[in-house]
There are 2 protein chains.
Amino acid sequence: MPAISDVARLAGVSKATASRALSGRGHVAEQTRLRVVQAASEIGYIASPDAASLVTGRTKNVGVVIPFVNSWFFGEMLEGIERALLGAGYDLTLYNLPEGGPARARVFDFFLARKRVDAVIVIAVDLTEGEVRGLERREKPIVCVGGSGDATARLSIDDRAVGLLATEHLLHLGHTRIAHLAGAGAGLQPNSMAGLRAAGFRDAVAAADADRMDPAARVAGGAPRGSATELGPIDAIVIETEMGMPGGFEAGLQLLGHPAHRPTAVFAATDETAFGVIRAAERLGLSVPRDLSVIGVDDHEHAALFDLTTIAQAPAEQGRLAVEVALRMLGDDARADPLPDSGAPLATRLVVRGSTARATA
Amino acid sequence: MPAISDVARLAGVSKATASRALSGRGHVAEQTRLRVVQAASEIGYIASPDAASLVTGRTKNVGVVIPFVNSWFFGEMLEGIERALLGAGYDLTLYNLPEGGPARARVFDFFLARKRVDAVIVIAVDLTEGEVRGLERREKPIVCVGGSGDATARLSIDDRAVGLLATEHLLHLGHTRIAHLAGAGAGLQPNSMAGLRAAGFRDAVAAADADRMDPAARVAGGAPRGSATELGPIDAIVIETEMGMPGGFEAGLQLLGHPAHRPTAVFAATDETAFGVIRAAERLGLSVPRDLSVIGVDDHEHAALFDLTTIAQAPAEQGRLAVEVALRMLGDDARADPLPDSGAPLATRLVVRGSTARATA
DNA sequence: TTGAAAGCGATACCAC
DNA sequence: GTGGTATCGCTTTCAA
């Protein structure tokens, strides 16, 4: 395996010059540069990243911590990250974090603590204070995407706004008996994705209730409301379930099983949940959107197939953005792009398809 | 950031001894070993993998080349690989290969050619001869999972047998009008996954045809058959489509749209394709399995939800196995396990659920 | 069993 | 511009 000294010898220059010529750092006469490059390709020289890292302290490698890979959303985001990293000449080292067991500690205390990655991108994982400190002590920039907790840089959509928007869409269509299929844990963790989307749902319902009241009373003190799942004039209910298709299916069967209390519209916390609901509705002989309107979140690759109205987010693009921020924190960014509005939530947009329709009188 | 010299000084030994004590290589008095370990943890010492790699030539890092991440199957396999690698103290560097453009060459000629990975696991990618040679020249073991082409080690299910088994299941249930939703390219690439499963389908149909003939004629020359899509007594048809849910849906609508030629059973090349078919059937008012039996391949996480009969394979387990083989090729395997039957196909099994039933007379 | 010293393969500082 | 040289942090002979 050829080393830089071989290149240097062949080109008739010193190692130092060869290094400069190949790395582009420092000035080298164009003529010698050509000779060196020529010599390098002649013997198939490729610099050893280890040796370079050792002296520069940079590895050109970014660690990515992610809870799952086997779902469309995370997979898509991972692809976005990978593409961006590869394009910038960086490697991506994957840490697929299992459920917080001893393996998690090992990842943070050993794998990420070593000098093998320049920065860490953390997807949908709530870092403990200790984990953050550990990385900061080693001066590794952290970019979080989704999740909560206070870390350095965080990219996130506004989940509360998403819940609000989705619910408003249903309300605007005239639905007054609506349900929200929230993610498991929405109640216990108000700041989780599930909790925030559910909060947005409740906000929208409360606002609608207020609109239905005497404007005077509205000014006086907002909408009176009952329990968290009974919000006055609008018949709203929140059901927690796993946010996958099976979760949506089961919750859907349960929710739609009794004709008496059946809602006319459902806001599912994710598209996959929505797919499950749609299947449940079909199974029960209900027609979407005639008997039931359904809206989800994500704009999953199969959303079009289910003709699902949804709040779109672009995971791959979010991944790309995370890389951009990370590289910028490393001061490695050659591009002159302005900073993305730091702290501003990531873009989402309502995509109206055929699964939502006006409430029938 | 503490270096090994700091540990050595604190423990009152030389760098050499400290290294031996911490790495476990070479003999060190138990007492001094304890002192060193103690000193190391005291100052939070973690060895620099770069420095170690530089001298040992080993990186404790494996590269994984994979075409997609955003699908359940590949994601699951990636998780299996990651878990196994992490457990063995290895890092996983991900190369999400895009569609064979210039990026592909860059991955093989630059990223993988450097001394950054000890071995490469290649998922469902057909390596060119040049790519294989390039890695071999650098003495990097290659383990392929799925895909075709001749590489060093290859783990793969027997796709032809899978096609055979799935089709036989339908035939045994008495179906005589059956269709195969093959993956795109099945016809053009007979050795691809799609091509092999389709071949298995044809084999099963041919065998069934033979059984329906006079035994004498059968000995004489096998089943006479028409075109590739018209296989005699058994009414069999092969349709190529994208192997996802949308592909299955579209093909399903087309296939099941005309009541006259409607098959009573479908063998879908993958579970996702099968999901699409099931939805198409439901959309057309057909009941599964009463009007249509459907069988898929994979045992996708949603297969149970669709009550889908399928040929199960275990991608995560396959990933784990790939790692085992790779580490063994690196001579790094501490376990005394016997070699897995080298070259033997990976396990698959028929999982019968409710989507397949006897053909109605 | 332990220590001294020679690299591994690059970069970067400092003269020239 | 270019060439020596120290250096990054570790492992590994070779002696003691």
Side-chain angles (χ1 to χ4, degrees), chain A residues 1-37 39-40 43-61 89 91 110 113-118 138-139 332, chain B residues 1-37 39-40 43-61 89 91 110 113-118 138-139 332:
Chain A
M1 194 112 306
I4 200 172
S5 53
D6 299 319
V7 177
R9 194 177 322 117
L10 185 57
V13 296
S14 69
K15 275 168 45 178
T17 302
S19 174
R20 281 186 287 249
L22 294 172
S23 70
R25 276 183 286 266
H27 290 284
V28 179
E30 180 60 13
Q31 195 181 352
T32 41
R33 197 186 65 76
L34 249 48
R35 264 214 328 282
V36 172
V37 169
I43 61 178
Y45 168 78
I46 302 177
S48 153
D50 295 308
S53 302
L54 199 52
V55 44
T56 61
R58 287 305 187 79
T59 60
K60 284 268 188 180
N61 187 18
D91 272 328
F110 174 64
R114 302 176 301 171
K115 300 178 81 61
R116 199 163 233 181
V117 298
D118 291 337
R138 295 185 158 77
E139 303 186 340
D332 207 76
Chain B
M1 192 112 309
I4 201 171
S5 53
D6 300 318
V7 176
R9 194 178 320 115
L10 185 57
V13 297
S14 69
K15 276 169 42 179
T17 302
S19 173
R20 282 186 283 249
L22 294 171
S23 70
R25 274 184 288 267
H27 290 285
V28 178
E30 181 59 14
Q31 196 183 352
T32 40
R33 195 186 67 77
L34 249 47
R35 267 216 322 282
V36 172
V37 169
I43 60 178
Y45 167 78
I46 302 178
S48 154
D50 295 309
S53 302
L54 199 53
V55 43
T56 62
R58 286 305 188 77
T59 60
K60 284 263 182 185
N61 187 17
D91 273 328
F110 174 64
R114 303 176 301 171
K115 300 176 83 60
R116 198 163 233 181
V117 298
D118 291 337
R138 293 185 160 78
E139 303 187 340
D332 206 77

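Keep in mind it's a predicted model, so treat the numbers as computed, not measured. In the text below, chain A, chain B and the rest are named by the order of the sequence lines, each starting its count at 1.
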Check your understanding: Under 4.0 Å between a side-chain N/O of Thr17(B) and OP1 or OP2 of dG3(C), yes or no?
Key ->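 Yes, such a contact exists.
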
**Study point:** Side-chain N,O (Ser14(B)) to OP1/OP2 (dT2(C)) below 4.0 Å
**Key:**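 Result: no.
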
Measure the distance from [atom1] on [X] to [atom2] on [N] and round it to the nearest whole Å.
{"X": "Ile4(B)", "N": "dG7(C)", "atom1": "CD1", "atom2": "P", "result": "20 Å"}
{"X": "His27(B)", "N": "dT12(D)", "atom1": "NE2", "atom2": "P", "result": "14 Å"}
{"X": "Arg25(A)", "N": "dT11(C)", "atom1": "CZ", "atom2": "C1'", "result": "8 Å"}
{"X": "Arg35(B)", "N": "dT2(C)", "atom1": "CZ", "atom2": "P", "result": "8 Å"}
{"X": "Leu34(B)", "N": "dT1(C)", "atom1": "CG", "atom2": "C1'", "result": "16 Å"}
{"X": "Leu54(B)", "N": "dT12(D)", "atom1": "CG", "atom2": "C1'", "result": "13 Å"}
{"X": "Asp50(B)", "N": "dG9(D)", "atom1": "CG", "atom2": "P", "result": "11 Å"}
{"X": "Arg9(B)", "N": "dG9(D)", "atom1": "CZ", "atom2": "P", "result": "12 Å"}

Would you indicate which nucleotide in [options] comes nearest to any side-chain atom of [X]?
{"X": "Thr56(A)", "options": "dT11(D), dA10(C), dA12(C)", "answer": "dA12(C)"}
{"X": "Ala29(A)", "options": "dG3(D), dT11(C), dT2(D)", "answer": "dT2(D)"}
{"X": "Ala3(B)", "options": "dT11(D), dA10(C), dC10(D)", "answer": "dC10(D)"}

Side chains of [X] and [Y]: closer than 4.5 Å at any heavy-atom pair?
{"X": "Thr17(A)", "Y": "Arg20(A)", "answer": "yes"}
{"X": "Asn61(B)", "Y": "Asp118(B)", "answer": "no"}
{"X": "Arg35(A)", "Y": "Val28(A)", "answer": "no"}

Check your understanding: In terms of heavy-atom contacts, does CD of Glu30(A) have more than 12 from other residues, nucleotides or ligands at under 6.0 Å?
Key ->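 For Glu30(A), atom CD is crowded (more than 12 foreign heavy atoms under 6.0 Å).
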
**Study point:** Rounded distance [0.5 Å steps], CG in Asp91(B) versus CZ in Arg114(A)
**Key:**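 Rounded to the nearest 0.5 Å, the CG-CZ separation comes to 4.5 Å.
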
Point to revise | Residue whose nearest DNA chain C nucleotide is more 5′ - Val55(B) or Glu30(B) | key: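 Per heavy-atom nearest nucleotide, the more 5' residue is Glu30(B).
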
Review point. If each of Thr32(A) and Ala52(B) is mapped to the nucleotide of DNA chain D with the nearest heavy atom, which maps nearer the 5' terminus, i.e. the 5' end?
Key: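 In this pair, the answer is Thr32(A).
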
Review point. Could a donor-acceptor pair under 3.5 angstrom be found where the side chain of Arg20(A) meets the base of dG3(D)?
Key: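 By the distance-only test, yes, there is a pair.
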
Exercise for review: Pick base, sugar-phosphate or nothing for Lys115(B), based on heavy-atom distances below 4.0 Å to the nucleic acid.
Suggested key: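 Answer is nothing: Lys115(B) stays at 4.0 Å or more from every strand.
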
